[in-house]
Amino acid sequence: MSDPVIETDALIVGAGPVALFAVFELGLVDIRAHLVDILDKPGGQCAELYPEKPIYDIPGIPVISGQEITDRLIEQAAPFEPQLHLGQMVTALERTGDGRFAVETDTGARFLAKVVVVAAGGGSFQPKRPPVPGIEDYEGTSVFYSVRRIETFRDKDLLVVGGGDSALDWTLSLAPVARSLTLMHRREQFRGAPDSVAKVMAMVDSGEIAFRLGQMTGLKGEGGQLTAVEAKAADGAFEVPCDILLPFFGLTMKLGPVADWGLNLHENLIAVDTEKFETSEAGIFAIGDINWYPGKLKLILSGFHEAALMAQAAYRIVYPGERLIFQYTTSSTSIHKKLGVSG
Ligand SMILES: Cc1cc2nc3c(=O)[nH]c(=O)nc-3n(C[C@H](O)[C@H](O)[C@H](O)COP(=O)(O)OP(=O)(O)OC[C@H]3O[C@@H](n4cnc5c(N)ncnc54)[C@H](O)[C@@H]3O)c2cc1C
């Protein structure tokens with residue numbers, strides 16, 4: 001039986017920095033939100049692409065790292081209890097007969113929302129496919145670009161390929177459940193955290209896992225079931241017998257399913273007005289890097305401003321006919337109550 005439909009005031013597509021701040025701005029006007037993100041953690045580009053790099057242009061905060069700003073935004077949004085649905089992609093969005101929006105994800109989660117806020121950034125992060133002929137035939141059966149459930153890989157012969165954090169982290173997490181695990185990388189130097197490299201090398205030294213220097217050239221198997229990966233190195237060609245291949249070659253950003261939702265686009269970005277940041281479809285807003293308007297700057301601070309104005313407009317849809325009184329967070333006792341602070 002499928003899970004029940006989740007009814008919510010606001011459904012936010014994405015859980016990047018702008019989506020997280022939108023939770024706060026919506027919360028101030030009594031709109032609660034569910035968020036869906038493809039990644040397995042919130043923070044969007046900040047957490048995925050540059051968690052340790054410093055950001056210098058957040059007003060009032062001279063320097064903050066990508067991960068730190070994510071953590072602070074999560075803390076700021078916490079009083080409004082955002083419901084996060086991670087590791088899934090919003091695939092379908094359409095208006096229902098009663099004026100709400102039906103939203104579906106690729107894991108089968110379904111939502112009914114009064115407003116939808118698309119905060120999908122550069123679009124969906126998608127794994128880079130290694131240039132190996134015929135790899136598509138094995139995807140989803142023997143070739144996986146992400147790990148959703150560790151149990152899927154129990155007692156299997158795994159080949160992990162790559163030299164970044166994902167390859168190293170998943171090597172460490174999957175080695176204890178796998179029947180055998182081989183890590184392959186084209187060079188001896190890894191791009192991942194030195195601590196992870198040291199742990200992986202210790203496992204290689206103890207014989208728990210194997211390491212091969214090389215580059216994939218081909219796949220062997222039948223009917224989507226892999227039996228070995230062919231590879232080459234400076235000293236010749238070789239094969240690694242395996243039934244699962246996990247290539248971690250990094251992520252690219254593609255617009256993804258957002259393009260299919262019937263919204264007016266401007267060069268692959270969602271066109272919005274600058275009063276409400278509403279799309280061509282009333283009740284669907286777009287904020288942050290995903291939107292376009294004349295003069296748009298793809299900056300976190302622009303997304304924060306857009307979130308504040310979007311929330312004012314969303315209020316009029318969620319609470320039709322009710323008057324919204326503008327209040328400062330500094331002095332409003334009703335806002336203090338919502339935030340659980342004493343003012
Ligand atoms: C290296 C680097 C340095 C940067 N430095 C700065 C800086 O110094 N200052 C600054 O202001 N900005 C900087 N930026 C830009 C800044 O990171 C972006 O402006 C910001 O992340 C945009 O936030 P967002 O929430 O709109 O989108 P994102 O951070 O891109 O988050 C969007 C989220 O939506 C999710 N998503 C997309 N499609 C779907 C879907 N269909 N279903 C579910 N989830 C979906 C994605 O997985 C992603 O997590 C930098 C960017 C990079 C790459």
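Indexing begins at 1, ligand by ligand and atom by atom, following the structure's order. All values derive from a computational prediction rather than experimental measurement. Only this structure's heavy atoms are used, side chains among them; waters, hydrogens and symmetry mates stay out.
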Check this for me: [X], atom [atom1], are more than 12 non-hydrogen atoms of other residues, nucleotides or ligands nearer than 6.0 Å?
X	atom1	value
Glu322	CD	yes
Glu136	CD	yes
Glu151	CD	yes
Glu94	CD	no

To check your reading of the model: name the closest protein heavy atom to [atom], its residue, and the distance in Å.
atom	result
atom 25 (O) of ligand 1	Val18 N, 3.1 Å
atom 38 (N) of ligand 1	Ala120 CB, 3.5 Å
atom 37 (C) of ligand 1	Gly123 O, 3.1 Å
atom 15 (C) of ligand 1	Tyr50 OH, 4.0 Å
atom 27 (O) of ligand 1	Gly121 CA, 3.1 Å
atom 36 (N) of ligand 1	Ile38 CD1, 3.9 Å

Give the atom numbers and elements of ligand 1 that come within less than 4.0 Å of a heavy atom of [X].
X	answer
Ile55	7 (C), 8 (O), 9 (N)
Leu39	47 (O), 49 (O)
Met89	40 (C), 41 (N), 42 (N), 43 (C)
Gln88	43 (C)
Gly288	26 (O)

Heavy-atom distances under 4.0 Å decide this one: backbone, side chain, both or neither, for [X] against ligand 1?
X	value
Ala119	backbone
Val13	side chain
Asp289	both
Glu48	neither

Report yes if some N/O of [X] lies less than 3.5 Å from some N/O of ligand 1; otherwise report no.
X	answer
Val90	yes
Ile300	yes
Trp261	no
Asp37	yes
Gln45	yes

*Inspect the contact between Glu75 and Arg72 and indicate whether a charged nitrogen and a carboxylate oxygen are less than 4.0 angstrom apart.*
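Salt bridge: no.
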
*asked:* Do the side chains of Asp155 and Arg179 get close enough for a salt bridge, i.e. N-O under 4.0 angstrom?
replied: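 Salt bridge: no.
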
*asked:* Under 4.0 Å, counting heavy atoms only: does Gly303 come that close to any atom of ligand 1?
replied: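 Not so, Gly303 does not reach ligand 1.
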
*Identify which of Gly16, Ala15, Pro17 has a heavy atom lying nearest to atom 21 (O) of ligand 1.*
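Nearest option to atom 21 (O) of ligand 1, by heavy atoms: Pro17.
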
*When rounded to the nearest 0.5 angstrom, what is the spacing between CG in Leu20 and CG in Leu84?*
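Those atoms lie 7.5 Å apart.
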
*asked:* How long is the straight-line distance from CG of Leu35 back to CD1 of Ile12, given to the nearest 0.5 Å?
replied: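 The distance works out to 4.0 Å.
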
*asked:* Distance alone, cut at 3.5 Å: any donor-acceptor contact between the side chains of Thr279 and Glu281?
replied: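 Judged by distance alone, the side chains do not pair up.
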
*Non-neighbouring partners of Tyr56 that pass ring pair (Phe, Tyr, Trp, His ring centres under 6.0 Å), sequence neighbours left out*: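 Here no residue qualifies.
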
*Can you name the residues that form a side chain to side chain donor-acceptor pair (under 3.5 Å) with Gln327, not counting sequence neighbours?*
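For Gln327 the side chain to side chain donor-acceptor pair (under 3.5 Å) partners, ignoring immediate neighbours, are Ser332, Ser334.
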
*Kindly assign one of parallel, tilted or perpendicular to the pair Phe21 and Phe304, based on the angle between their ring planes and the thresholds 30° and 60°.*
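Rings of Phe21 and Phe304: tilted, as their planes differ by 30° to 60°.
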
